[in-house]
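First up is the structure itself, then whatever we jot down about it.
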Amino acid sequence: MYCRFGFVDNAYTIFKDMPFRDMGCWNSMISGFCQNGNAKEALNILDDMIMEAIEMDSVTVATILSTCAQMNDILRGMVIHLFAIKHGLEFNVFVSNALINMYAKFGYLKCAQNVFDHMDVRDLVSWNSIIAAYEQNDYPHDALKFFHLMKLNKVQPDLLTLVSLSSCVAQTKDVLCGKSVHGFIIRRCWITKDTVTGNGVVDMYAKLGDIGSARKAFEELPSKDVISWNTMITGYGQNGFASEAINVYRWMKESENVKPNQGTWVSILPAYAHLGALRDGMRIHGQVIKENLDLDVFVGTCLIDLYGKCGRLIEAMSLFYEVPRETSVPWNAIISCHGLHGLGETSLKLFEDMLNEGVEPDHVTFLSLLTACSHSGLVDQGRWCFHAMQQEYGFKPTLKHYGCMVDLFGRAGQMEIAYNFIESMPMKPDASIWGALLGACRIHGNVEMGRKASSRLFELDSENVGYYVLLSNLYANFGRWEGVDEVRSLARDRGLSKTPGWSSIELNNRIEVFYTGNQSHPQSEEIHKELAILNAKIKGLGYIPDFSFVLQDVEDDEKENILTSHSERLAIMYGILNTPPKTCIRIFKNLRVCGDCHNVTKFISKLTERRLL
DNA sequence: AAGACGAGCC
């Protein structure tokens, strides 16, 4: 009874004073410790039990197996499995189920499957366990196969089955299937009964990219726990709605019966990093230190990413050296943020350190390295990485890796090589691959190759406006306005409109977002007026507007107007008007900064003696 | 007797 209410210590005091203990006592003491997350104590009790020469029964074995799973103790788990075989307990339903769960947690799917195959009686837990085993190891199709087998065997699914199922559906990206899973749950009224199931539905919709349905399911949850909130925040973040994620977090803070936890920090920090909200992120950092979570690998990696993305590489580095770095993840973060800021050499150096410390790189490590190389023009080093990942580490390159390579060659101006590289790919190139080539054509002004790339692109992904914009930009650079018109009307016919560019700036603890040509800001008039004055001043310093970045066929003075109202300039001027002289201004944006703005920024920086980041 | 959410790259 004490165990059930979480008073394990009380239970233990009584237990110790008992003159005679039957099997039930031992077992409930062990499982008591285990369920309260105190696996070590549970194993100590087991040792006492062995000391008193009492044999484990099936319940003990099952409990200990789940303890081993919790503690990642593979060796002990296998010893217990041997013990179970020796004592004929292997095919006991409890023991078999526990074995399946344990092996699944270690990723030993073959062992789990083997246990499952040899059971002669299978209960609901057995089916749930084998389904979860495949689902959690990223084999959703196999998991679904067992779900169908389960139905054929006339076993009725329960809440847990559906939780696994919703995760499978999310992994297979099967939107229709998602609706059936949701429908099934609604028919059984499980949403009202159990928060876990509802959370699963919210997460499923978010992972399917249907953030509207996710939000709806979230709002309809009869009770929201901390995981419901974390799921919703992450869902927005991963679908690119960082400010929505922040809004949900604010809403969460207003609700009284929920307290943010480590998972909350891990969901909100990437949203701040995405917007470059350094100060907001730093506030979380402070909170995290108070809670002693700053050395947690998950939180630590998010902080490294935050500081790194915001250009604070020194802070990112010192954090990096404080968090445990036995896994590739924090390494990937620190490698990629150096790459992001054009410090490819440092990224490569860090990779070397990683290998020297005996940390195994994964496919993300190579993605980070390849992007680092392509941003720094390190073509040979990029080739080397691509080669090493296959030859030395046995990774099969994914489409993303191929995309990085195309980007690497393309940015370096090696268009033919990039094209031939695509042609030699063992899989069908997707839109992102041709998109990378088209992007490079835009940079290097290669119209012919650009046409080739875009014709393939429009076949593959006729919905993505970005590609139409790129091609029309390419034509515009060469003054081929008929080409521009053609692309524009093509996009219009398909009902597409352009993603608006935005820039953000943080001021007085608020994030202010500006859109191109934005007139709705309260200070808008002043901003435009000051920008015109500033424009005149920097011309005096030798600035010449580069109209090749204007993509409309209009007169030159109109072109200049268009350039002057780019979102980053509005944000910069807002910053100049509202901060003391010479303070550093930090701008964040969603699209790449245009070449003319980049140039202007340098002049403004000189003129106002401010650092612009 | 088991179980939900959450990072890094794009």
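Convention: sequence-line order gives letters A, B, ...; per-chain numbering from 1.
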Listed partners of A/Glu90 passing side chain to side chain contact (heavy atoms under 4.5 Å, CB included), at least two apart: A/His81, A/Ile85
Sugar-phosphate, base or nothing in reach of A/Asp225, heavy atoms under 4.0 Å: base
Candidates B/dC9, B/dC5, B/dA7 - which lies nearest the side chain of A/Gln238: B/dA7
Counterpart residues, ring pair (Phe, Tyr, Trp, His ring centres under 6.0 Å), relative to A/Phe83 (two or more places apart): A/His87
Partners meeting ring pair (Phe, Tyr, Trp, His ring centres under 6.0 Å) with A/Trp265 (sequence neighbours left out): none
Options B/dA7, B/dA4, B/dG3, nucleotide nearest the side-chain atoms of A/Leu160: B/dG3
Interatomic distance, A/Ile335 CD1 vs B/dC10 P [rounded to whole Å]: 12 Å
d(CG, A/Leu65; C1', B/dG3) in whole Å: 17 Å
All ring pair (Phe, Tyr, Trp, His ring centres under 6.0 Å) counterparts of A/Tyr393, not counting sequence neighbours: A/Phe366
Within the 6.0 Å centroid threshold, strictly below: A/Trp229 and A/Phe218: yes
A/Glu219/A/Arg215 ion pair, N-O < 4.0 Å: yes
Nearest-nucleotide pick for A/Thr371, side chain only, options being B/dA4, B/dC10, B/dA1: B/dC10
By ring pair (Phe, Tyr, Trp, His ring centres under 6.0 Å) - contacts of A/Tyr108 (at least two apart): none
Touch class at under 4.0 angstrom, heavy-atom based, for A/Val125 against every strand present: base
A/Val196 side chain, from C-beta outward: closest of B/dA4, B/dA7, B/dA1: B/dA4
Nearest-Å distance for atom pair NE2/P, residues A/His285 and B/dA7: 19 Å
Selected nucleotide, minimal atom distance to A/Thr301 side chain, candidates B/dG3, B/dA7, B/dC5: B/dA7
Distance in angstrom units between A/Leu319 CG and B/dG8 C1', rounded: 15 Å
Between C1' of B/dG3 and CD of A/Glu135, the distance in whole Å: 10 Å
Sugar-phosphate, base or nothing in reach of A/Lys207, heavy atoms under 4.0 Å: sugar-phosphate
Any residue of residues 320-334 of chain A with a heavy atom less than 4.0 Å from an atom of DNA chain B: A/Ser328, A/Val329, A/Asn332
Sugar-phosphate, base or nothing in reach of A/Asn230, heavy atoms under 4.0 Å: base
Euclidean distance, atom CD1 of residue A/Ile100 to atom P of B/dA2 [Å, nearest integer]: 14 Å
Of the listed nucleotides B/dA4, B/dC9, B/dC5, the one nearest the side chain of A/Ser336: B/dC9
Near-parallel close stack of A/Phe298 and B/dA7 base (under 5.5 Å, under 30°): yes
Sugar-phosphate only, base, or nothing, as touched by A/Asp407 at under 4.0 Å among non-hydrogen atoms: nothing
